[in-house]
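This is a predicted model, so every value here is computed, not measured. Scope of the values below: all heavy atoms of this structure, side chains included, with no hydrogens, waters or symmetry mates.
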Amino acid sequence: MVVNDEGNPVQRAKVVLGNGNIQVYTDDSGVFSLEVRPDNVLIISANGFREKVINLAGTDVPDRIVLEKAPLFASDVIDLPASLKSAKREFVGATDRVTGKALESQPDMVFSNTLQGRLAGLSARMTTDGPGNNNAQLYVRGLSRQTDNQAITVVDGIERPIDFLNPQEIESVEVLKDVNAKILYGPRAANGVVLITTKRGKENTKIFEVSAEYGVNMNTRMAEYLNSAEYARLYNEARANDGLSPFYTEQQIQGYEQSTGANDLLYPNADYNDYFIEDLNPFRRVNIEYSGGDEGVRYALLAGYRGSEGIEKVGKAVAQDRFNVRGNLSIDLSPSLTAHLGANGIIESRKWGKLHQGDFYSALKAQRPNEFPFVITDPDFMGEETPLGEEQIPPLGGSLKNPQSLYGDMIYGGYQEYQFFYGQTNFGLDLDLGKLVKGLSVSTAVTFDNYQYHRAQQINNPVRYAVRVVTPDSLVYTKLNNRVIESDRSENGNDIERNLGWSANINYKTTVDDYHDISFTLSHFYYLNEQKDNRQHTENTNTFLKSTYAYKNKIYIDWVQSVMGSNRFARKHRYKYFGTIGAAWILSEENFLNGAKYLDYLKLKGSYGMMGYDRATGFYLFNTRFTDGGNVNFGERNQQGVGRTVYNSLGNPDLKWETSTELNLGVEGLFFNRSLAVEANYFNEVRDDIIFNSPSSIYSATFYPYTPHNLGKVVNNGIDGKITYYGSSGNFRYDIGANFLYVKNRVVKADAIDHPDTYLNVEGNPSDAIFGYVSDGLFRSDEAVANSPYQALGPYKTGNISYRDLNNDGIVNEQDRKIIGNSFPRTSIGINANFKYKGFGMSLLGTSELGVDFMRNSTYYRNSGEGKYSVLARDRFHPVNNPGGNLPALTTYNPTNDYQGSTFWIQDASFFRMKNVEVSYTFSNDTWTVRNIRVYLRGTNLFVLSKEKDLDPEVPASGVDNYPLMRIVTGGLTIGF
């Protein structure tokens with residue numbers, strides 16, 4: 001039984017065996033039971049108590065294990081930039097944290113995707129760019145600017161990409177949200193920081209664990225297209241709408257209906273999705289962890305492999321393999337000196353065919369089902385002869401409009417491949433100078449990264465032929481291109497990037513009269529990023545003094561003074577002073593709340609300050625720069641050319657720093673015998689002096705180039721928070737929680753003109769506002785067309801979109817636009833639940849975005865011209881064939897009137913997604929050779945609920961312009977020794 005110093009049971013205390021593979025929790029009576037080896041170690045911890053370590057080899061375990069009381073949240077550590085740490089109790093700012101263990105349950109090639117819905121204040125918005133490339137866009141507390149709003153990612157102290165990481169090598173992920181925390185990293189951090197700490201070994205533990213996982217990626221929502229017969233009928237209808245004669249005869253349409261398929265010589269009918277796309281493709285993951293620590297040495301060695309394949313059914317599918325190896329070592333060289341060494345190597349190889357994933361999907365959505373047969377099967381036509389030694393390729397189909405057939409490119413087009421190596425190193429020293437001056441210590445750290453990328457290819461271009469029917473018995477084949485074969489593998493891309501970071505800290509702590517705790521940290525950080533072909537490298541510094549004061553361990557004050565430096569400004573503005581101050585008060589420690597029923601902990605906190613931001617500032621904006629401007633001709637008949645020099649940019653040496661002034665007010669609480677945890681924060685940020693590189697609003701159009709200026713100002717505010725309930729009954733334990741973010745901003749000043757019609761102004765409106773026309777639906781009669789205001793947006797008639805004349809001047813033009821939606825969610829929600837009964841476990845994660853829209857502007861929604869028709873074309877308007885149709889009438893021209901951004905095409909993109917589910921069972925016994933066996937079934941992106949039923953509401957381009965979002969289902973096994 002685990003009890004406190006008053007003899008009362010401690011519920012939900014975590015009991016971990018020193019091998020780290022087995023852990024249990026005490027029940028409502030404080031009781032736990034374990035069968036253990038006599039040489040093991042028990043580590044017992046609970047919020048509000050000091051951790052207790054029991055070495056079983058030298059100690060008999062008492063029936064009642066007494067935990068020493070400690071202030072609540074005093075042992076919960078928050079990692080901060082500059083290698084600083086803070087107890088959650090004394091932290092005055094706003095942050096949230098998730099463990100790497102929680103992220104392991106989500107199978108994904110891209111690490112950032114595992115963060116969606118996990119952290120309060122962080123929006124991880126998914127993208128589409130093929131397997132392993134669909135990196136999430138990370139935003140902390142919404143949009144602080146009009147552009148370039150994404151947060152930075154910091155791994156083990158320095159800015160690094162995170163999408164190559166394995167969740168198994170992560171100790172924790174934190175999001176730093178308020179100015180008091182962000183200022184510690186420096187001038188690149190104002191948009192927020194996602195701070196990642198990799199695993200370190202822990203004393204009294206030893207973990208040796210192997211896991212293997214296998215499963216499948218499954219396609220979700222994708223664009224669907226008409227077959228040849230339907231397309232031919234609707235294309236004839238489009239021509240009739242344009243006053244043109246039919247293109248396809250009824251005999252041809254009947255031929256398409258009776259087609260033998262994609263290689264029918266006269267009447268091809270190709271279902272591109274079915275022919276070229278697999279429904280399933282494999283996902284693989286293997287990881288090894290060996291970590292632990294004894295007195296004076298702590299170590300962690302982690303190795304991982306992830307692999308996946310693309311969904312291309314024909315030709316070379318994308319194949320991706322990634323290997324990660326990471327080692328962290330800490331050694332106490334003496335009682336006062338500790339050395340830290342870390343190294344990480346990432347190797348990735350990717351191979352695919354001639355077409356990148358985006359090119360593959362471009363062909364899928366462009367090549368019509370009846371355009372040409374993939375292979376010409378006419379026995380009387382064999383194509384051109386193939387020289388000896390070259391591959392014999394059958395004659396391939398093509399068309400004058402699309403000479404590059406997808407089939408030919410996939411089968412005979414060659415291949416591309418790339419490899420990259422990313423090496424990271426960290427080295428640091430901690431020196432305790434307490435023997436000289438009590439409470440004094442110094443530390444330093446150096447980081448160096450090197451990224452190398454290499455891409456090569458061998459591309460072929462087989463001959464295609466267009467088939468033209470003269471008579472059913474007479475066909476003419478037109479050669480569309482010459483055959484091109486690259487005889488050698490050639491390099492077509494490479495990159496080198498380097499990161500260098502250096503930091504040094506001087507720390508001093510002291511206590512006065514047992515009531516007053518004071519500490520100071522003087523820190524300097526230097527950051528250099530060098531990229532190939534960049535004329536100006538990224539270089540900045542941050543030197544700060546952090547002063548903290550605590551009174552009776554219940555009132556805390558934190559003051560940070562910072563001098564930031566950046567090479568993005570002229571020398572006279574290169575360094576600038578900023579400062580923040582914050583305070584926290586533990587109200588539950590005061591007499592007037594002491595003993596309050598149901599209240600265990602209540603903390604008020606707030607921070608305010610200003611910091612600089614240079615990450616979005618362009619290169620050399622303070623310099624006037626010139627470039628080669630071609631020739632000017634002189635002399636007889638102007639035949640003598642003389643070179644000239646022209647302005648490339650006009651510099652502004654008086655550019656000021658962009659600044660972020662922020663206020664954060666928060667409350668943290670713990671209620672009902674520590675069962676209910678609550679936190680909420682209100683924030684307000686003013687981003688001022690935003691730089692516009694080439695502001696057109698203050699210069700005449702005849703004066704170019706423009707000089708950069710500090711013109712912009714954006715105010716961003718909202719609330720974020722989280723709530724979690726912990727419960728148990730016997731062997732059943734559970735926790736259910738949710739995190740949320742509500743945010744909205746307003747552009748105060750921008751590079752924009754004031755419109756007489758104020759509803760068109762950028763200033764005064766959100767930065768993510770979508771402007772467009774207000775639609776009244778379709779014109780369904782000639783009378784409706786005649787009675788409407790004139791629309792100066794392109795030709796229109798019955799079957800086209802009708803717009804409102806907002807300013808009542810009798811004409812619909814660009815002055816009749818207004819805000820019709822917004823592209824960033826006003827509310828983001830994550831819902832999580834974990835259930836545990838004996839060896840059984842289940843975890844659930846749901847994510848939701850509310851108050852967000854997107855414009856249905858892809859070719860899937862808009863069918864016209866000579867393009868391919870999606871299945872939505874069935875719902876087009878036609879006064880005879882489909883008078884109840886809801887989409888504009890088809891046309892072979894460019895329907896500029898219909899394709900304006902308007903409420904007709906705006907779509908509510910709010911959704912709820914079942915993001916991740918894991919079901920597991922664990923067999924564990926410390927006396928076995930294999931001490932822990934865990935089997936599990938996992939699934940991610942299982943389903944989505946939304947008003948948008950055709951494509952994915954979060955990423956509507958997926959399945960149209962690139963890969964769909966993938967549903968991943970895996971099964972796996974973890975063995976601990």
Side-chain angles (χ1 to χ4, degrees), residues 142-149 190-191 613 616-618 621 649-652 654-661 684-718 743-775 789-794 803-824 826 851-855 857 896-897 899-906:
L143 308 179
S144 303
R145 316 172 76 255
Q146 289 181 269
T147 59
D148 297 316
N149 284 284
N191 285 355
Y613 184 59
T617 302
L621 296 184
S649 63
L650 292 178
N652 181 358
D654 295 321
L655 276 180
K656 297 182 292 184
W657 282 68
E658 177 180 331
T659 61
S660 178
T661 304
N684 186 83
E685 177 183 4
V686 179
R687 192 65 67 90
D688 206 355
D689 287 325
I690 299 173
I691 298 171
F692 286 86
N693 294 0
S694 185
S696 59
S697 62
I698 59 175
Y699 291 104
S700 166
T702 60
F703 183 82
Y704 188 84
Y706 309 138
T707 304
H709 280 274
N710 298 91
L711 288 181
K713 183 176 182 179
V714 176
V715 176
N716 182 51
N717 51 49
V743 63
K744 186 176 182 180
N745 74 7
R746 176 172 55 90
V747 177
V748 179
K749 294 188 294 185
D751 178 27
I753 60 173
D754 290 333
H755 287 271
D757 303 299
T758 57
Y759 47 77
L760 288 174
N761 284 333
V762 172
E763 295 180 354
N765 289 310
S767 65
D768 65 333
I770 301 174
F771 286 83
Y773 298 93
V774 178
S775 168
Y790 175 72
Q791 299 183 177
L793 308 176
Y803 301 108
R804 291 182 191 172
D805 176 16
L806 297 184
N807 60 2
N808 297 314
D809 62 355
I811 184 172
V812 176
N813 55 22
E814 63 179 10
Q815 294 178 327
D816 294 292
R817 295 178 303 124
K818 61 175 288 188
I819 294 177
I820 58 175
N822 56 275
S823 60
F824 193 86
R826 293 291 173 260
V852 60
D853 308 284
F854 77 91
M855 189 67 71
N857 54 10
T896 55
N897 177 83
Y899 286 179
Q900 303 293 326
S902 72
T903 55
F904 188 91
W905 300 109
I906 204 77

Item to check | Nearest-0.5 Å distance that lies between atom CZ in Arg687 and atom NZ in Lys749 | outcome: 14.5 Å
Checklist outcome for this item: By ring pair (Phe, Tyr, Trp, His ring centres under 6.0 Å), Tyr613 pairs with (sequence neighbours left out) none
Next on the checklist: With a 3.5 Å distance limit and no angle check, can you tell me whether Thr903 reaches the backbone of Ser775 through a side-chain donor-acceptor pair?
Outcome noted: yes
Checklist entry - To the nearest 0.5 Å, how far apart are CD in Gln900 and CG in Leu793? => result 5.0 Å
Checklist outcome for this item: Shortest non-hydrogen pair, Tyr773 vs Asn813, comes out as CE2-O, 3.1 Å
Item to check | Verdict with reasoning, Asn717 to Asn684, per side chain to side chain donor-acceptor pair (under 3.5 Å) | outcome: CA-CA 4 Å; Asn717 51 49; Asn684 186 83; 3.2 Å; yes
Checklist entry - What are the two closest heavy atoms between Asn716 and Lys744, and how far apart are they? => result OD1-O, 3.6 Å
Checklist entry - Which atoms form the tightest heavy-atom contact between Ser694 and Tyr706, and what is the distance? => result OG-CD1, 3.2 Å
Checklist entry - So, does Gln146 use its side chain to make a donor-acceptor pair with the main chain of Val747 at under 3.5 Å? => result no
Item to check | Flag, side chain of Glu763 to backbone of Asp754, donor-acceptor distance under 3.5 Å | outcome: no
Checklist entry - Please walk me through it: do Asn745 and Ser767 pass side chain to side chain donor-acceptor pair (under 3.5 Å)? => result CA-CA 7 Å; Asn745 74 7; Ser767 65; 2.7 Å; yes
Next on the checklist: For a 4.5 angstrom cut-off between non-hydrogen side-chain atoms, does Asn652 reach Leu621?
Outcome noted: no
Next on the checklist: Nearest 0.5 angstrom please: His755 NE2 to Asn761 CG, how far?
Outcome noted: 6.0 Å
Next on the checklist: Taking Gly901's backbone N and O only, do any of them form a donor-acceptor pair with Asn857's side chain (distance below 3.5 Å, no angle check)?
Outcome noted: no
Item to check | Euclidean distance, Asp853 CG relative to Ile770 CD1, rounded to 0.5 Å | outcome: 5.5 Å
Item to check | Aromatic ring pairing Trp905/Tyr899, orientation class (parallel under 30°, perpendicular over 60°, tilted between) | outcome: perpendicular
Checklist outcome for this item: Separation between CG (Asn710) and CG (Asp654), nearest 0.5 Å, reads 9.5 Å
Next on the checklist: Contact between Leu760 and Glu814 at the side-chain level, heavy atoms closer than 4.5 Å - yes or no?
Outcome noted: no
Checklist entry - Do you know which two heavy atoms are closest between Leu806 and Asp816, and how far apart they sit? => result N-OD1, 2.8 Å
Item to check | Atom of Pro789, atom of Gly810 and distance for their closest heavy-atom approach | outcome: CB-O, 3.8 Å
Checklist entry - Side-chain contact, heavy-atom cut-off 4.5 Å: Met855 with Ile906? => result yes
Item to check | Phe824 and Asn149, any side-chain heavy atoms less than 4.5 Å apart | outcome: no
Checklist outcome for this item: Heavy-atom nearest pair, Pro695 first then Asp751, reads CA-OD2, 3.3 Å
Item to check | Steps toward side chain to side chain donor-acceptor pair (under 3.5 Å) verdict (Asp688, Thr659) | outcome: CA-CA 5 Å; Asp688 206 355; Thr659 61; 5.3 Å; no
Next on the checklist: Once rounded to the nearest 0.5 Å, what's the spacing between atom CD1 of Ile691 and atom NE2 of His709?
Outcome noted: 11.0 Å
